[in-house]
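In what follows, a structure is listed as structure tokens, so that the remarks can point back to it.
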Amino acid sequence: MYLILHMRVLLIFIASLFWTSCFGQTYTQIKNRYNNYLNYKGSLDKYVDITSEKITLYKYTGGKKEVDFILAKNDWCFFSKLISTLAADSLEKIYHDLSGYKLQVKNYQTDCFSAQKPLRKVKIMIDPGHMAGNMQMARIEQKYLHFTKEIYTDLKQDSVDIAEGILTFQTASILKKKLENEGATVALTRKENSTSFGCSYEDWLKNYKNKTLDSLREADKITPQKHKTLLHMNKGKFFLEFFKDYELLQRSRVINSFKPDLTVIIHYNVNEKNVPWLKPSDKDFCMAFIPGCLIGDNLESFAGKINFLRLLLCEDVDKSEKISSLLVTEFNKQLNIPIAKTTDASYLSEHCTATPSAGVYCRNLALCRLVQGPLMYAECLYQDNETECYELLKNTETVGEIKTNKRVKAAAEAFYNAILTFYAN
């Protein structure tokens, strides 16, 4: 039995709440977003059908294709607003059973696709990628560089040690202060050397590991055998096998509960072909990722379906591309490094879709998929570059209470300039 969602049934509940007119997306805009950004190499074709009159989602039960959800054209705009304002449990109830359900929708004073607010009214969440505040944690994360003169004799010093989590947190802290000075409301997903759970990885293992695994087993989210295996893993393997992805889900919850107008996700890259990163590389590029490249597996859960409809019906993808394009241009200007082309990394050609904006790629990353609203997921520069690796070690700059280097300071400036430009237009 499938559900045909006619939002006119809901208008008796929401007409008084949406006091401004609501301008929906055209079929051409939605179809273009689906074809060029969301549908990775036709992976969604079995699950989605979009015509000028309706959007249909399908599911497969026992190998049999069944209609799961239909959204009529006249309801696209209203549903996009619901996705942007209601909690997941409310959306699930709407999705599965509209009968007798009354909506509680925030009284937004803008239409579906309103002009950008001035910066003094903007809420921005910054996610400093990873979590290490020292090399010990960076090694557990496997997000570090360790070059030695013993292995690479041309190294200019005895050793080079870089932890990406330190660089991202410095960048985020500088950017936060600069944006707050412009009147923005800004929050970070984590503290220094901390996870998004509000504690260090070591503290989480000590205080939450057992109860978390027990809860997942009791809810049939993991098997008893998986529970036993995870319970006895060492902390390094446990991080990679379980905690890394589990913590990413928490980041998405922290971000979405803040209801930001913009999410800034900060990362520093390495040359993928420089494995196992025992010496510097001559490559250095900047790039940014936005939502897209979805596959059928992403539509298996209710949350996956809602995320797909949000990306399809709202302007999150379009705005993400626009601000990410500004950011990549700023990286190129402030850091003086080239913008990555599709041929510059295998993951760009094999697992991403190039957008019309240079250096901006759709990629099916967890945060790109789960974060609600416009975002910029940035890879500022290559840490293992033969020049960058030395520059990133120089603590010659002091910004507020942050002691850092010129490259991190320039990266923060690039984010800042892109955000100001985006909200000025």
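Positions are given from 1, in the same order as the sequence printed here.
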Requested in this report: Please answer whether the main-chain N or O of M137 pairs with a side-chain N or O of N134 as donor and acceptor at a distance below 3.5 Å.
Outcome: yes
Query raised in the report: Is the number of heavy atoms from other residues, nucleotides or ligands within 6.0 Å of NZ (K178) greater than 12?
Result: yes
Query raised in the report: Who passes ring pair (Phe, Tyr, Trp, His ring centres under 6.0 Å) against Y27, sequence neighbours left out?
Result: none
Query raised in the report: T51 side chain to K54 main-chain N or O, any donor-acceptor pair under 3.5 Å?
Result: yes
Requested in this report: Evaluate side chain to side chain donor-acceptor pair (under 3.5 Å) for N271 paired with N385, printing each intermediate quantity in order.
Outcome: CA-CA 8 Å; N271 178 6; N385 173 264; over 6 Å; no
Query raised in the report: Picking from L312, L71, L44, T56, what satisfies side chain to side chain contact (heavy atoms under 4.5 Å, CB included) with I50?
Result: L312
Query raised in the report: Is K31 atom NZ crowded by more than 12 heavy atoms from other residues, nucleotides or ligands, each under 6.0 Å away?
Result: yes
**Report entry** K177 atom NZ: more than 12 heavy-atom contacts under 6.0 Å
**Finding:** no
Query raised in the report: Do the side chain of N193 and the main chain of A132 share a donor and acceptor less than 3.5 angstrom apart?
Result: no
Report summary line: NZ (K65) and NZ (K59) are apart, to the nearest 0.5 Å, by 14.0 Å
Requested in this report: Check the pair F289, L348 against side-chain contact (heavy atoms from CB on, under 4.5 Å), reporting the backbone distance first and the verdict last.
Outcome: CA-CA 10 Å; F289 300 119; L348 295 180; 3.7 Å; yes
Query raised in the report: Should the ring pair F197 and W204 be called parallel, tilted or perpendicular, given that the plane angle runs from 0 to 90° and is split at 30 and 60?
Result: tilted
**Report entry** Non-neighbouring partners of Y361 that pass ring pair (Phe, Tyr, Trp, His ring centres under 6.0 Å), sequence neighbours left out
**Finding:** none
Report summary line: For K191, the side-chain contact (heavy atoms from CB on, under 4.5 Å) test, sequence neighbours excluded, returns S194
Query - Among E388, E391, E397, E413, the one residue meeting salt bridge (Lys or Arg N to Asp or Glu O under 4.0 Å) with R407 - result: E388
Query raised in the report: Are the side chains of F308 and L38 in touch, meaning some heavy atoms are under 4.5 Å apart?
Result: yes
Requested in this report: Decide if atom CD of Q136 counts as having more than 12 heavy atoms of other residues, nucleotides or ligands within a radius under 6.0 Å.
Outcome: no
**Report entry** N234 side chain to F238 backbone, donor-acceptor under 3.5 Å
**Finding:** no
Query - Over 12 foreign heavy atoms within 6.0 Å of OH, Y208 - result: no
Query raised in the report: When you measure from the side chain of N298 to the backbone N and O of I295, does any donor-acceptor pair fall under 3.5 Å?
Result: yes
**Report entry** Test: K283 cationic atom under 6.0 Å from Y382 six-membered ring centre, within 45° of axis
**Finding:** no
What donor-acceptor contacts under 3.5 angstrom involve side-chain atoms of residues 216-228, with partners at least two apart or in another chain?
| unit_1 | atom_1 | unit_2 | atom_2 | d |
| --- | --- | --- | --- | --- |
| T223 | OG1 | K226 | N | 3.0 |
| Q225 | NE2 | T229 | OG1 | 3.3 |
| H227 | NE2 | D214 | OD1 | 2.7 |

Requested in this report: Could you tell me the separation between the NZ atom of K143 and the NE2 atom of H130, rounded to the nearest 0.5 Å?
Outcome: 4.5 Å
Requested in this report: Establish, from distance only, whether the side-chain atoms of E247 and T195 form a donor-acceptor pair under 3.5 Å.
Outcome: no
Requested in this report: Give a yes or no on whether the ring-centroid distance for F69 and F302 is below 6.0 angstrom.
Outcome: no
Query raised in the report: Backbone N or O of G373 within a donor-acceptor pair of the D316 side chain at under 3.5 Å?
Result: yes
Query raised in the report: Are the side chain of D261 and the backbone of K123 linked by a donor-acceptor contact shorter than 3.5 Å?
Result: yes
Requested in this report: Carefully, step by step, assess D203 and K206 under the rule salt bridge (Lys or Arg N to Asp or Glu O under 4.0 Å).
Outcome: CA-CA 5 Å; D203 286 341; K206 179 180 178 181; 6.0 Å; no
Query - Any donor-acceptor pair under 3.5 Å from T189 side chain to S196 backbone - result: no
Query raised in the report: Of all residues at least two apart in sequence or in a different chain, which pass the ring pair (Phe, Tyr, Trp, His ring centres under 6.0 Å) check with F331?
Result: F415
Requested in this report: Determine, stepwise, if the pair L311 / R33 fulfils side-chain contact (heavy atoms from CB on, under 4.5 Å).
Outcome: CA-CA 8 Å; L311 294 173; R33 195 176 293 134; 5.8 Å; no
Query raised in the report: Could you go step by step and tell me if E321 and S357 meet the side chain to side chain donor-acceptor pair (under 3.5 Å) rule?
Result: CA-CA 7 Å; E321 181 187 356; S357 301; 2.8 Å; yes
Query raised in the report: Can you name the ring pair (Phe, Tyr, Trp, His ring centres under 6.0 Å) partners of Y416, sequence neighbours left out?
Result: none
**Report entry** Main-chain N/O of C77 paired to S80 side chain as donor or acceptor, under 3.5 Å
**Finding:** yes
Query - Lys/Arg cation over aromatic Y201: K235, 6.0 Å, 45° cone - result: no
Report task. May I ask you to decide if Q29's main-chain N or O and N32's side chain share a donor-acceptor pair within less than 3.5 Å? Result -> no
